[in-house]
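The structure appears right after this line, and notes come after that.
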Amino acid sequence: MDSSSYNKYLAAIKAANDMESSRAKEVLGKIYADMIANYGVSDNDVDYLYRNYFRYSVR
């Protein structure tokens, strides 16, 4: 993942984490699905963002 995409996803994740819980889970799920579609499950940045910044489990 390039740094521009990483920073874009990070900003979106942080914004979603600040939402009400049910909405946050929905948005985080969409962000995670998008990251997986674009970079795959085994991408280190996808894994790092998920493990360190997602407030809720969406897998």
Side-chain angles (χ1 to χ4, degrees):
M1 178 182 307
D2 62 55
S3 62
S4 174
S5 295
Y6 181 93
N7 289 328
K8 205 166 64 171
Y9 281 121
L10 181 58
I13 292 165
K14 287 181 176 181
N17 283 337
D18 289 338
M19 296 176 180
E20 182 269 324
S21 65
S22 64
R23 178 75 177 134
K25 290 175 187 176
E26 177 185 338
V27 173
L28 288 169
K30 290 178 182 180
I31 293 168
Y32 185 71
D34 188 66
M35 289 193 306
I36 296 303
N38 288 312
Y39 300 101
V41 175
S42 61
D43 184 84
N44 290 336
D45 290 329
V46 170
D47 185 59
Y48 183 82
L49 287 169
Y50 181 78
R51 290 180 186 274
N52 292 290
Y53 291 103
F54 275 58
R55 183 174 178 188
Y56 301 101
S57 176
V58 295
R59 291 192 215 189

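Computed from a predicted structure; not experimentally measured.
- Residues forming a side-chain contact (heavy atoms from CB on, under 4.5 Å) with K30 (at least two apart in sequence, or on another chain): E26.
- For Y6 against M1, the heavy-atom pair with the smallest separation is CA-SD, 3.5 Å.
- Every residue meeting the salt bridge (Lys or Arg N to Asp or Glu O under 4.0 Å) condition with D47, not counting sequence neighbours, appears here in chain and number order: R51, R59.
- With values rounded to the nearest 0.5 angstrom, S21 atom OG is found 11.0 Å from L28 atom CG.
- A pairwise comparison of heavy atoms in A24 and A16 identifies CB-O, 3.1 Å as the closest pair.
- Residues forming a side-chain contact (heavy atoms from CB on, under 4.5 Å) with D34 (at least two apart in sequence, or on another chain): Y9, N38.
- Among all heavy-atom pairs drawn from L49 and L10, the shortest one is CD2-CD1, 4.0 Å.
- Within the structure, ring-ring contact (aromatic ring centres under 6.0 Å, His included) pairs that include any residue of residues 40-59 comprise Y32-Y50, Y50-F54 (at least two apart or interchain).
- Under the 4.5 Å side-chain criterion, counting only non-hydrogen atoms from C-beta, V46 is in contact with I36.
- Evaluation of the side-chain contact (heavy atoms from CB on, under 4.5 Å) rule for A12 yields I31 as partners, not counting sequence neighbours.
- Annotation: the span from R55 atom CZ to K25 atom NZ amounts to 9.5 Å, rounded to 0.5 Å.
- S42 meets the side-chain hydrogen bond (donor to acceptor under 3.5 Å, both in side chains) test with no other residue; sequence neighbours excluded.
- Residues that satisfy the side-chain contact (heavy atoms from CB on, under 4.5 Å) test with N44, not counting sequence neighbours, are absent from this structure.
- Not a single side-chain hydrogen bond (donor to acceptor under 3.5 Å, both in side chains) links D18 to another residue, sequence neighbours left out.
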